[in-house]
**Student:** 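For reference, the structure I am asking about is given below.
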Amino acid sequence: MGKIVGGFLVPHDPMMFLAPEAPPEEVRGRMWAAFEQCAHRLAKLEATAVVIVGGDHYFNFGTDCLPQYLIGTGDVDGPLDVMPGLKRQFIPDSQDLAAFVARHGHENGFDWSVARAFTVDHAVAIPDRLIVDPVRARGQAIGTIPVYVASGVDPYISMSRCAALGGAIRAAVEAAGEHERVALIGSGGLSHWIGLPQMGQVNEAFDREILAYACSGDLDAMTRLSDEYILQHGGNGGMEIRHWAVAMGAMPGAHGYLIDYAPVPEWVTGLGFVQLMQ
Amino acid sequence: MSRNVLERLLHRLCVDRREKQRFKEDLEGLLERHRLTEEEKAMLRALDVGAMQRHGVNPMLTIGFWFENAPDPTPRAYMKALAAPAARGPEEDR
């Protein structure tokens, strides 16, 4: 059987690329170093595949089709939203495992939408570029499997369904071939207000509440947060903690190690980095 | 529901190069191709992102629309437009 070998909860802040020098030097240095730390830690896990969980920013999917949850089972590239220092490129994939996860879900009550050729946006491209690519550069072959959940456009997927979806990913991995060693990356958060008048505000208290759930492994408490609470205290971008819930759901009983956190209003969000360990 | 049509057009104005070109060169022609209310057409003519949000449009679309189509596509200009007071209707003008 395959194995979940670890997980990470990280931001995917495009402002790091669009305004790299906006925050104080000490803060921005720490944030880039935190991504490097994640890459270093991922390398030690000797993963064969990484499932990166993100959410659409009303960019990949339009009004014609808004999936609750989707998995990329074919070729992957990105980002769709190119930016300085983040050009579009092919992303090594893991098509056999991704298709297996989808099929396993379909047979067990999880009706995945699939993308057979998928240009991901920055939600997946940033952690892939900053965490997975450096490990590939060291010679490890890791395929990326993108997963998108409806966190940015209503109707939102529920927090509890996200946790269950993580469980479905774990069940599929454990039913896959024993050579599969899979890490998860929950990509997003913490508090931020995308496109709203409050954009630029950061709610450190909300961020630390979520980090506490992640570090103590209290997924039940996190899934009990109502959408109204998250939107009020974490903003519409705070809904991205759903991506963290998927990763945490795939690692029941795991605790988190806080790699770093900083509220960075210049980059319009609180940036938290956690490694999940069982 | 008309908001949905407005969101569809705004999404296209984020990702479709031809639609962005039409917005720039033939705005009235573009508006005629979509079943929008006069109020919604006015929002698009004025790039009134605040009114769009009050109308229920997802903020991710208003900011994407702004960055892709506004004459000054900067965050500062977007925030200024968002903070502009709501336009008063004819009844309130009296």
**Student:** Got more than 12 heavy atoms from elsewhere within 6.0 Å of CD, B:E25?
**Tutor:** yes

**Student:** Let me confirm one number: the CG-CE distance from A:N236 to B:M60, rounded to the nearest 0.5 Å.
**Tutor:** 5.0 Å

**Student:** Say you draw a straight line from CG of A:L196 to OG1 of B:T62; how long is it, rounded to the nearest 0.5 Å?
**Tutor:** 7.0 Å

**Student:** Is there side-chain contact between A:P197 and B:Q53, with at least one heavy-atom pair below 4.5 Å?
**Tutor:** yes

**Student:** So with a 6.0 Å cut-off around CZ of B:R33, is the heavy-atom count from everything else above 12?
**Tutor:** no

**Student:** Could you tell me the separation between the CG atom of B:N58 and the NE2 atom of A:H57, rounded to the nearest 0.5 Å?
**Tutor:** 10.5 Å

**Student:** As an exercise, state the distance from CG of B:L6 to OG1 of A:T63, rounded to the nearest 0.5 Å.
**Tutor:** 10.5 Å

**Student:** Using a cut-off of under 4.5 Å for heavy-atom pairs, which of B:V49, B:V15, B:L61 has the most such pairs with chain A?
**Tutor:** B:L61

**Student:** Run the side-chain donor-acceptor check on residues 150-158 of chain A: report pairs under 3.5 Å with partners two or more places apart or on a different chain.
**Tutor:**
from: A:S151; atom 1: OG; to: A:H243; atom 2: NE2; distance (Å): 2.7
from: A:S158; atom 1: OG; to: A:S160; atom 2: OG; distance (Å): 3.3
from: A:S158; atom 1: OG; to: A:R161; atom 2: N; distance (Å): 3.0

**Student:** More than 12 non-hydrogen atoms from neighbouring residues, nucleotides or ligands closer than 6.0 Å to CD on A:E21, yes or no?
**Tutor:** no

**Student:** I'd like to know if the side chain of B:H11 and the backbone of A:F59 have a donor-acceptor N/O pair within less than 3.5 Å.
**Tutor:** yes

**Student:** Heavy atom to heavy atom, less than 4.5 Å: which residues from residues 72-90 of chain A reach chain B?
**Tutor:** none

**Student:** To the nearest 0.5 Å, tell me how far A:M199 CE sits from B:L82 CG.
**Tutor:** 8.0 Å

